[in-house]
There are 2 protein chains.
Amino acid sequence: MTDKISERIPSAERREQILEAASRVFGERGYFGATTDQIAKAAGISQPYVVRMFGGKENLFVGVLSRSLERLLVAFTRTLEDWKAEGSPAAAAAVVSDGTPVAGGHGEIGRRLGLAYVNLIEDRGLLLSLMQAFSMGQDPTIGAKARDGFLAIYRLLRDEAGFTPEQTRSFLAEGMLLNTLLGLRLPDEYGRDEAATELLECTFRTKLELVLGVAAENGAASAPAKAQGA
Amino acid sequence: MTDKISERIPSAERREQILEAASRVFGERGYFGATTDQIAKAAGISQPYVVRMFGGKENLFVGVLSRSLERLLVAFTRTLEDWKAEGSPAAAAAVVSDGTPVAGGHGEIGRRLGLAYVNLIEDRGLLLSLMQAFSMGQDPTIGAKARDGFLAIYRLLRDEAGFTPEQTRSFLAEGMLLNTLLGLRLPDEYGRDEAATELLECTFRTKLELVLGVAAENGAASAPAKAQGA
DNA sequence: GTCTATACAGTGATAGAC
DNA sequence: GTCTATCACTGTATAGAC
C-alpha cells in the first residue's frame, strides 16, 4: 500500500462510500460538529475531494439525509408490497389479539413495518443522522428537507398501510422511542439495571414478537442483544 | 452601557445565566458544534469566563443536561403530588373513556403529566439539548449521564404514577414523538400541509384535551399554535 | 478521479491583570 | 467576579498539479 493515492474508482461508487462515512460521522458529531476532514479520513480519501464532490458540507449532509430517507421509504414500501402480495388480511387490525391496548394496535402489518424499521436503524449512522436532522427544524435547508421526509413517511403509512391517523401517530411514536433507546445505547445497560432491562424486554418483545416470538424459549436475553451491534 | 465589563453579580446567578445560554447554543449546534465563545456571547460575558466557571466544555454540557433532567423530574414530581393531594381517582386508568386504544391509555394522570411535559419542552433549549444528549450514548461521560436520567424518569413514572411497564413505555414513546415534532418545527407547517395539520391536531388534541378541551369551539388552529413559541 | 499546498477564520484553554 | 491577550490547533474551502 503506497497508501497516499486511493484507488481510482467510478464517482458513483466513491459517492456512495463518502455518504456512508459521512452518515457515521454526522451521526456521532452532529452537523456542525462533524468535520469534512473526519469524513474524508473515514472514507479513506482526502478532505478537498469530499468538498469538491459534494460542493460543501451542507450539500453533503443533505445527501446523507436524502439517502437515509430513501432507504427508509424503500424498506417500508417493500414491506407493504410483500404484505399485499400475500393477500393482506383485512386492513390494519385496530384491535390486538391479546388485548394489550397500547403496545400493538397496528396489526400484522404494523409488526412487519416495525421489524423493517428495527433492521434499518441497526445501522447506527443512519439512525443518528436521522435523529440529528429531526432536531434541526430551525435550519432553512436541512429543516425543510427533514420535515418533508418525515411527512412523506407519515403519508406512506397512513395511505398504504391502512392506518388511521391515530394509528399512524402511535406507530411513529414507537419508532421515536426506539430511536431514543438506541441513541442512548440503553442496550448496554441490559441485565445491569432493573429498569433498563424491563423497558428493553417490554419494547423488543412487542416489536419483534413476530420473528422472535419463539425466542421466548431461548431466553429473553437474546432479543435486546440483537439491537446492540457494532 | 460601557458594555465591555459585565455587571458584577453573584456566581450562582451567573452560573444560571450561562446554563440557560448554553442550553440554547448546545441545542441548536450540538455538543461538538457549539463553541464556548457562542455560549459566552449568548450569556453576555467573555469566553474565558465560561471556561473558567465550568472547568471546560464537557462539564458545561453535563451541567446543562443535569439542569434539564432536574427540571423534568421536578415538574413530574409536582404534578404527581398535586394529583395525589386531590385524591387521585384509582390508579392510572388502563382503559380510555372513548375507546381509543392507543392515544390515551394513561388516564387522568397521564394527561396531566403529558401537559406538564409539553409546557416544559416549550423551552426549545431544554428540548433540543435533551435530544442531543439522547443521541450521545457512545460518549462515556455524557452517555452515562443521559441513560441514568432517562431511566430515572422511567422509574418515576412507573413507580409513582402507577403505570404498568407497558403504559410507561407508551407514555415515553408519546414524549419522544413530541420531541421530534417540535425539533422538526412541524408546527411551522400547520395549515400549509395536509399531513402535518392532521398529525399535529391528532397529537395536540390528545395531549391537551384537558386544558384545551373546550378550545374545539375556538377553532382547532389555536391548539398547535400554542406549541410554537419563540 | 484524486492529491498537495495553502489562505483565512475560528477554537478551547491558560496566564495574568484589574 | 470578570476581562484582555494569546497560544497551539483545527476547520472549510480554493487553486492547481498529476
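Sequence lines set the chain letters: A, B, ... in the order given, protein chains first and strands last, and positions in each chain run from 1.
- Whole-Å rounding puts the Ile5(B) CD1 to dC18(C) C1' distance at 7 Å.
- Each of Gly55(A) and Gln38(A) was assigned the nucleotide of DNA chain D with the nearest heavy atom; the assignment lying further toward the 5' end belongs to Gln38(A).
- Between Lys41(B) atom NZ and dT11(C) atom C1' the separation is 11 Å, expressed in whole Å.
- Per the geometry, CD1 belonging to Ile39(A) stands 18 Å off C1' belonging to dT2(C), to the nearest Å.
- Legend: salt bridge (charged side-chain N to carboxylate O under 4.0 Å, His left out) pairs involving residues 61-76 of chain B, not counting sequence neighbours, sorted by first then second residue: Glu16(B)-Arg67(B), Arg71(B)-Asp123(B).
- For Tyr49(A), whose side chain is taken as the heavy atoms from C-beta onward, the closest listed nucleotide among dG1(C), dG12(C), dT2(D) is dG1(C).
- Atom NZ in Lys57(A) sits about 14 Å away from atom P in dG10(C), given to the nearest Å.
- OP1 or OP2 of dG1(C) sits under 4.0 Å from a side-chain N or O of Ser11(A).
- Here Ser46(A) does not reach the OP1 or OP2 of dT2(C): none of its side-chain N or O atoms lies under 4.0 Å away.
- One atom, OH of Tyr31(A), and another, P of dT12(D), lie 9 Å apart when rounded to the nearest Å.
- Screening residues 30-50 of chain A for salt bridge (charged side-chain N to carboxylate O under 4.0 Å, His left out), with sequence neighbours left out, gives Asp37(A)-Lys41(A).
- Between Arg24(A) and Glu20(A) there is a salt bridge, with a side-chain nitrogen of the basic residue lying less than 4.0 Å from a carboxylate oxygen of the acidic one.
- Residue-level contact check: Ala34(B) touches the backbone only, with heavy atoms under 4.0 Å from sugar-phosphate atoms and none from bases.
- Here dA15(C) is the nucleotide among dT2(D), dA13(D), dA15(C) with the atom lying nearest to any side-chain atom of Pro48(B).
- Put simply, Ser6(B) has no side-chain N or O that comes within less than 4.0 Å of OP1 or OP2 on dT2(D).
- Which of dT12(D), dG12(C), dG1(C) sits closest to the side chain of Arg8(A) comes down to dG1(C).
- If you check every strand for non-hydrogen atoms under 4.0 Å, Ala40(A) touches nothing.
- Rounding to whole angstrom units, CD1 of residue Ile9(B) and P of dG1(D) are separated by 10 Å.
- Ring geometry for Phe61(A) against Phe26(A) counts as perpendicular: the plane angle is over 60°, on a 0 to 90° scale with 30° as the lower cut.
- As a whole-Å value, the separation of Asp37(A) CG from dC9(D) P is 16 Å.
- Distance Ile45(B) CD1 to dG12(C) C1': 15 Å, rounded to the nearest Å.
- Classification of the Phe76(B)-Tyr117(B) ring pair by plane angle, with boundaries at 30° and 60°, yields tilted.
- For the OP1/OP2 pair of dT2(D) and a distance below 4.0 Å, the side-chain nitrogens and oxygens of Arg14(B) include at least one atom meeting the criterion.
- No engagement by Glu13(A) is indicated, since no non-hydrogen atom pair under 4.0 Å with the nucleic acid exists.
- Summary of the strand contacts: Arg52(A) and Gln47(A) both lie near DNA chain C, and taking for each the nucleotide with the nearest heavy atom, the more 5' one is attributed to Arg52(A).
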